[in-house]
Amino acid sequence: MKPCICSFSSRFLPLSHTSQHHLIHQTRLVAKKMQESPSPLMEKVNHTHSKDNKEEQMDQIRERCGKEACELTSSKRISDDIMPHILNLYGSCATSHDFEIYAPHASFEDPLMCAHGVKQIKSAFYAISKVFSESSISEYSVEENIISAQKREITIDTKQHYKFMGRNIDMISLIKLYTEDGKVVRHEDMWDKKPLRNRETVNLPLVGRILEMTRRCSMLATHAMMGFGKDPTE
């Protein structure tokens, strides 16, 4: 007996022209709906791709802003902000605001005095007007060296003018400022550009120690006479 295969033969028969047209039309409709209403999976993929693009753009913006900030910081000199206050200090017209350039633990030293802390530094500079009728930095040039990211060494080559009992006194001096995080931590004033005499710069350490003690005593006496760093306007 021969097997019957008629029930399956219709699957392999070619479609009529009308059926083909209908199938193509239905396929186009399905494709159009998929474009208009993408599946949740496609939406998730597109959203993830869009989010990645936005994050990549933000990273590029941050990197660009960081580079610009670094260039701006490196081009800005700390001495530009400090110099107006230094001129006021040596010009006997300083206010409490001018001493904000110093860190709380800052030191100041010249051949006569050695001050520790902002209050003693105030006394040292407020005393200038008590001794001299005129004082100023008449000429100066500034050089700023970068020691590290937060540290600078500022060298100020100056010509200073004073008047004592009607007599004009002009002298050259080399001022060195050492800064950390924008604040002065050490201020040295070397008259005639000669190194300050201490245990490290003289041949006999004992003599250097005596000179240091003499400057400290002079500073403490001045500090007491000036009201221990009290601002004149207070």
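Hydrophobic cluster membership differs between Val142 and Met190, with clusters built from Ile, Leu, Val, Met, Phe, Trp and Tyr side chains linked at under 4.5 angstrom. A continuous path of Ile, Leu, Val, Met, Phe, Trp and Tyr side chains, each step under 4.5 Å between heavy atoms, connects Ile137 with Phe132, placing both in one hydrophobic cluster. Tyr162 and Phe164 fall within the same hydrophobic cluster, where Ile, Leu, Val, Met, Phe, Trp and Tyr residues are linked whenever their side-chain heavy atoms come under 4.5 Å apart, directly or through other members. Linking Ile, Leu, Val, Met, Phe, Trp and Tyr residues whenever their side-chain heavy atoms come within less than 4.5 Å leaves Trp191 and Leu174 in two separate clusters. Criterion: ILVMFWY side-chain heavy atoms under 4.5 Å apart, direct or through other members. Under it, Ile128 and Met165 are part of a common hydrophobic cluster.
Annotation for Gln160 and Thr158: closest pair NE2-OG1, 3.3 Å, computed over non-hydrogen atoms. What you find for Val185 and Ala103 is that their closest heavy atoms are CG1-CB, 4.0 Å. Closest approach of Leu196 to Asp110, counting heavy atoms only: CD2-C, 3.6 Å. Between Asp189 and Pro111, the shortest heavy-atom contact is O-CD, 3.4 Å. When every heavy atom of Asp98 is checked against every heavy atom of Ala94, the shortest pair comes out as OD2-CA, 3.3 Å. Shortest non-hydrogen contact noted between Leu89 and Tyr102 is CD1-OH, 3.4 Å.
One finds no salt bridge joining Asp170 and Lys159 here, because no Lys/Arg side-chain nitrogen approaches an Asp/Glu carboxylate oxygen to under 4.0 Å. A salt bridge is defined here as a Lys NZ or Arg NE, NH1 or NH2 lying under 4.0 Å from an Asp or Glu carboxylate O, and Glu188 with Lys176 fails to meet this definition.
Counting only distance, with no hydrogens or angles, the side chain of Lys183 and the backbone of Glu100 share a donor-acceptor pair below 3.5 Å.
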Worksheet item: When you look at Glu143 and Asp157, which way does the side chain to side chain contact (heavy atoms under 4.5 Å, CB included) test go after all the steps?
Response: CA-CA 8 Å; Glu143 180 180 341; Asp157 197 346; over 6 Å; no
Item to complete: Could you please spell out the steps behind the side chain to side chain contact (heavy atoms under 4.5 Å, CB included) verdict for Tyr140 and Ile175?
Response: CA-CA 10 Å; Tyr140 68 91; Ile175 298 173; over 6 Å; no
Worksheet item: Hey, mind stepping through Glu180 and Lys151 against side chain to side chain contact (heavy atoms under 4.5 Å, CB included) and telling me if it holds?
Response: CA-CA 5 Å; Glu180 293 181 5; Lys151 297 181 179 181; 3.7 Å; yes
Fill in: Trace of the side chain to side chain contact (heavy atoms under 4.5 Å, CB included) decision for Leu177 with Ile86
CA-CA 10 Å; Leu177 305 175; Ile86 294 294; 4.1 Å; yes
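Atom OG in Ser79 sits 4.0 Å away from atom CD in Glu144 (nearest 0.5 Å). Rounding to the nearest 0.5 angstrom, the gap separating the CG atom in Asn145 from the CD atom in Glu153 is 5.5 Å. Interatomic distance, Ile156 CD1 to Met83 CE, rounded to the nearest 0.5 Å: 4.5 Å. The CD1 atom of Ile169 sits 11.0 Å away from the CD atom of Glu134 when rounded to the nearest 0.5 Å. Ile82 CD1 to Arg152 CZ: the interatomic distance, rounded to the nearest 0.5 Å, is 10.5 Å. The OG atom of Ser96 lies 6.0 Å from the OH atom of Tyr126; values are rounded to the nearest 0.5 Å.
Contact check for Asp231 versus Thr95: no side-chain heavy atoms found under the 4.5 Å cut-off.
Judged as a ring pair (Phe, Tyr, Trp, His ring centres under 6.0 Å), and not counting sequence neighbours, the contacts of His85 are His97. Checked against ring pair (Phe, Tyr, Trp, His ring centres under 6.0 Å), Phe125 has the following partners two or more places apart in sequence or in another chain: Tyr90, Phe108, His187.
Counted within 6.0 Å of CE on Met171, heavy atoms from surrounding residues, nucleotides or ligands total more than 12; the atom is thus considered enclosed.
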Please list every donor-acceptor pair under 3.5 Å in which a side-chain atom of residues 215-228 meets a protein atom from a residue at least two apart or in another chain.
{"from": "Arg215", "atom 1": "NE", "to": "Glu109", "atom 2": "OE2", "distance (Å)": "3.2"}
{"from": "Arg215", "atom 1": "NH1", "to": "Arg197", "atom 2": "O", "distance (Å)": "2.9"}
{"from": "Arg215", "atom 1": "NH2", "to": "Glu109", "atom 2": "OE2", "distance (Å)": "2.6"}
{"from": "Arg215", "atom 1": "NH2", "to": "Arg197", "atom 2": "O", "distance (Å)": "2.9"}
{"from": "Arg216", "atom 1": "NH1", "to": "Cys114", "atom 2": "O", "distance (Å)": "2.6"}
{"from": "Arg216", "atom 1": "NH1", "to": "Gln120", "atom 2": "OE1", "distance (Å)": "3.0"}
{"from": "Ser218", "atom 1": "OG", "to": "Leu112", "atom 2": "O", "distance (Å)": "3.4"}
{"from": "Thr222", "atom 1": "OG1", "to": "Ser218", "atom 2": "O", "distance (Å)": "2.9"}
{"from": "His223", "atom 1": "ND1", "to": "Ser123", "atom 2": "OG", "distance (Å)": "2.7"}

